[in-house]
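Please read the structure below before turning to the comments.
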Amino acid sequence: MHPNSLARPSSLQEAAALQRALAQAVVLAGNPCGARYIGALDASHPTRFSKVKGPSVAVAVLWDRQAGGVLEVAAAQMDEAELFPYIPGYLSFREAPLYLAALARLSRPPEVLLVDGQGIAHPRRLGIAAHLGVYLDLPAVGVAKTLLFGRPEGALPLQAGSAVRLMDGEAQMGWLFRSRSGVRPLVVSPGHQVGMEESLALVRSLMGKTRLPEPLRWAHIHAGLQRRQANVR
DNA sequence: GCGACAG
DNA sequence: ATCTTGTCGC
């Protein structure tokens, strides 16, 4: 689990083996709730139905929790040909290279990362937030819009703010979190250097008036805008 | 074999 | 992931 754990894998078997190895390095403790500079990562891809063809774009938003707003937006782009295909369970090999390029363009490194995808709530315990966290040695939390892996422990109440544990047998993988009433739940899971409870506390502390936590909401908005607008230098 | 399947 | 305005409900 060293240098290029993000190099394009030559097979899914190789990728899975790497995921299992890196998962051993994940640290499931730490409290990033006091962090001021929060990084949020999201990507936008064209499809054969997209009006705008061209490269995929990833955005890194630097969020200032002191000021409660976006400090910086950095972007990076790559053509489909250089990207690993999207295969459920292997998202990090596709999107993490884009995220690294975007992060490198921020004027300062975030203290904690919020990533659009799973943390450890993953078949091999290494979703994209965990992979990036271990690779960068940075605290990270995964916030996914749909479930990939794990079984919710009971029904999730309809009330905004409620959460139920996401389990794999006896082990907790994360949370199903009702961020607002009347919306589909988010899947929150620790990525690296963050405790189970703390991962949920962090996301709760960053909620605004919509389904997604504010930093990720802005990352999502800007990723779409940047991709449609054209070249990201 | 069948179903499930982050973005 | 993408397309797409107004509109219905918590």
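Following rounding to the nearest Å, A/R180 (CZ) and C/dC10 (C1') show an atom-to-atom distance of 11 Å. Atom CZ of A/R151 is separated from atom P of B/dG3 by 22 Å (rounded to the nearest Å). Here C/dC3 presents its P atom at 13 Å from NE2 of A/H45, a figure rounded to the nearest Å. Taking atom CZ of residue A/F93 and atom P of nucleotide B/dA6, one finds them 16 Å apart after rounding to whole Å. Between A/L41 atom CG and C/dA1 atom P the separation is 14 Å, expressed in whole Å. Rounded to whole Å, atom P of C/dA1 lies 11 Å from atom CG of A/L216. Rounding to whole angstrom units, NE2 of residue A/H220 and P of B/dG7 are separated by 10 Å. Here B/dG7 presents its P atom at 10 Å from CG of A/L212, a figure rounded to the nearest Å.
For A/P213 against A/L186, the heavy-atom pair with the smallest separation is CD-CD1, 4.0 Å.
Within the 4.0 angstrom heavy-atom criterion, no nucleotide atom of any strand lies near A/H131. Residue A/F149 is classed as having no contact, given no heavy-atom separation below 4.0 Å to the nucleic acid. Residue contacts for A/G142: at a heavy-atom cut-off of 4.0 Å it reaches no nucleic acid atom on any strand shown.
When the nucleotides B/dG7, B/dC5, C/dC3 are ranked by their closest atom to the side chain of A/R228, C/dC3 comes out on top. Among B/dG7, C/dT2, B/dA6, the nucleotide with an atom closest to any side-chain atom of A/R94 is B/dG7. Which of B/dG7, C/dT2, B/dC5 sits closest to the side chain of A/L91 comes down to B/dG7. You'll find that the side chain of A/T146 is closest to B/dG7, out of B/dC5, B/dG7, C/dC3. In this structure, of B/dA6, B/dG7, C/dT2, it is C/dT2 that holds the atom nearest to the side chain of A/S50.
Here A/S44 reaches the OP1 or OP2 of C/dT2: one of its side-chain N or O atoms lies under 4.0 Å away. OP1 or OP2 of B/dA6 has not a single side-chain nitrogen or oxygen of A/S92 nearer than 4.0 Å. In this model, the phosphate group of B/dA6 is approached by a side-chain N or O of A/Y86 to a distance below 4.0 Å at OP1 or OP2. OP1 or OP2 of B/dA6 has not a single side-chain nitrogen or oxygen of A/K145 nearer than 4.0 Å.
Between A/L158 and A/A223, the one whose closest nucleotide on DNA chain C sits nearer the 5' end is A/A223. The 5' end of DNA chain C is approached more closely, in terms of each residue's nearest nucleotide, by A/D116 than by the other of A/G182 and A/D116.
A donor-acceptor contact under 3.5 angstrom links the side chains of A/Q193 and A/D137, judged on distance only.
The residues A/E80 and A/R94 are annotated as salt-bridged, a charged nitrogen and a carboxylate oxygen being separated by less than 4.0 angstrom. Taking 4.0 Å as the cut-off between side-chain N and carboxylate O, A/R36 and A/D64 count as a salt-bridged pair.
Ring centroid separation for the pair A/F93 and A/H131 comes in under the 6.0 Å cut-off.
With hydrogens and angles disregarded, a donor-acceptor distance shorter than 3.5 Å links the side chain of A/S11 to the backbone of A/E14.
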